[in-house]
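Below, all heavy atoms of this structure are taken into account, side chains as well, without hydrogens, waters or symmetry copies. FYI, the numbering just counts along the sequence from 1.
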Amino acid sequence: MNSVPDLVIGKIQIKGDNVTQGYYNNSLATEKLLTHDGWVNTGDLGFIMNGKLVVTGREKDIIFINGKNVYPHDIERVAIQLDDIELGRVAACGVYDSNSQSEEIIVFVVYKKD
């Protein structure tokens, strides 16, 4: 495991006596779950601030556009600042467009007004 400095987003991994040692009868899934030195990759991202863990999102929630990381929750946070778009009523995700052969961003909004 490699540590990152405070305030730098990294993968959250856990290890301890109460943490799983793997999946029952599924060595392939266990291999994906555990690092070579026994840490469990939670799939979450976060950083340390003032000695406390701040979870920022999921590792697979990153959309790659033109070599840059775009986080769906950032798009969603901007969207809810618009009139009539409410928290929990918007979701952003990445979708591969085979025509352009690139990742595109799609935003879904639950909107019940005229």
Side-chain angles (χ1 to χ4, degrees):
M1 181 187 79
N2 295 323
S3 296
V4 296
D6 284 9
L7 305 177
V8 174
I9 293 178
K11 295 178 183 180
I12 299 174
Q13 297 179 345
I14 58 176
K15 186 176 184 178
D17 293 338
N18 62 336
V19 177
T20 186
Q21 294 189 13
Y23 290 100
Y24 180 73
N25 286 337
N26 193 337
S27 59
L28 184 59
T30 298
E31 191 175 313
K32 290 180 181 180
L33 175 72
L34 299 175
T35 65
H36 68 280
D37 54 352
W39 287 83
V40 173
N41 182 4
T42 67
D44 296 312
L45 298 173
F47 62 89
I48 301 294
M49 183 172 68
N50 299 326
K52 295 184 179 175
L53 175 64
V54 178
V55 179
T56 59
R58 300 282 298 154
E59 185 175 8
K60 292 184 180 179
D61 281 346
I62 298 174
I63 304 166
F64 300 101
I65 302 290
N66 296 325
K68 297 190 185 232
N69 296 345
V70 178
Y71 296 91
H73 57 271
D74 288 338
I75 296 168
E76 294 159 6
R77 187 179 65 239
V78 170
I80 64 171
Q81 294 174 14
L82 299 171
D83 291 340
D84 298 327
I85 297 180
E86 301 172 21
L87 180 65
R89 300 288 186 177
V90 60
C93 66
V95 176
Y96 183 75
D97 181 350
S98 58
N99 292 326
S100 66
Q101 296 185 341
S102 64
E103 191 86 0
E104 303 285 332
I105 297 173
I106 296 181
V107 179
F108 298 91
V109 178
V110 176
Y111 189 80
K112 294 185 177 182
K113 297 186 180 183
D114 293 337

What one should report as the nearest heavy-atom pair of Cys93 and Phe108 is SG-CE1, 3.7 Å
Could you measure the distance from the NZ atom of Lys52 to the CG atom of Asp6? Nearest 0.5 Å is fine. 13.5 Å
Are Val109 and Leu87 connected in a single hydrophobic cluster, I mean Ile/Leu/Val/Met/Phe/Trp/Tyr linked by side-chain heavy atoms less than 4.5 Å apart? yes
If you compare all heavy atoms of Leu33 against all heavy atoms of Gly22, which two are closest, and at what distance to 0.1 Å? CD2-CA, 4.4 Å
Before you tell me yes or no, could you show the steps for Val90 and Val110 under side chain to side chain contact (heavy atoms under 4.5 Å, CB included), namely the whole-Å CA-CA distance, both residues' side-chain angles and the distance that decides it to 0.1 Å? CA-CA 6 Å; Val90 60; Val110 176; over 6 Å; no
CD1 (Ile14) and CG (Leu53) are apart, to the nearest 0.5 Å, by 10.5 Å
Applying salt bridge (Lys or Arg N to Asp or Glu O under 4.0 Å) to Asp44 and not counting sequence neighbours gives Arg58
With a sphere of 6.0 Å drawn around OH of Tyr111, does it hold more than 12 non-hydrogen atoms of other residues, nucleotides or ligands? yes
Would a hydrophobic clustering, with Ile, Leu, Val, Met, Phe, Trp and Tyr connected at side-chain separations under 4.5 Å, put Tyr71 with Leu7? yes
For Ile63 and Pro72 the tightest heavy-atom approach is CD1-CG, 3.9 Å
Same apolar cluster (I L V M F W Y, side chains within < 4.5 Å links), Val107/Ile85: yes
State, with a plain yes or no, whether a side-chain heavy atom of Leu34 is found less than 4.5 Å away from one of Trp39. no
Would you say Phe47 and Thr56 make side-chain contact, with heavy atoms under 4.5 Å? yes
Taking side-chain contact (heavy atoms from CB on, under 4.5 Å) as the criterion, tell me which of Thr35, Thr42, Val40 meets it with Gln13. Thr35
Among pairs that include at least one residue of residues 81-103, which meet salt bridge (Lys or Arg N to Asp or Glu O under 4.0 Å), considering only residues two or more places apart or in two chains? Asp84-Lys113
Does Val70 reach the side chain of Phe64, with side-chain heavy atoms less than 4.5 Å apart? no
Do Ile62 and Ile65 belong to the same hydrophobic cluster, where Ile, Leu, Val, Met, Phe, Trp and Tyr are linked whenever their side-chain heavy atoms lie under 4.5 Å apart, directly or via other members? no
Could you go through Asp74 and Arg77, starting from their C-alpha distance and side-chain angles, then the distance that decides it, and tell me whether this counts as side chain to side chain contact (heavy atoms under 4.5 Å, CB included)? CA-CA 5 Å; Asp74 288 338; Arg77 187 179 65 239; 3.1 Å; yes
Which residues share a side-chain hydrogen bond (donor to acceptor under 3.5 Å, both in side chains) with Thr20, sequence neighbours left out: none
Less than 4.5 Å apart, any side-chain heavy atom of Leu45 and any of Lys11? yes
Does Glu104 have more than 12 heavy atoms from other residues, nucleotides or ligands lying within 6.0 Å of its CD? yes
Crowding at CG, Asn66 (>12 non-hydrogen neighbours, <6.0 Å): no
Within a reach of under 6.0 Å around OH of Tyr24, are more than 12 heavy atoms found that belong to other residues, nucleotides or ligands? no
Heavy-atom closest contact (Val19 atom, Lys15 atom, distance): CG2-C, 4.0 Å
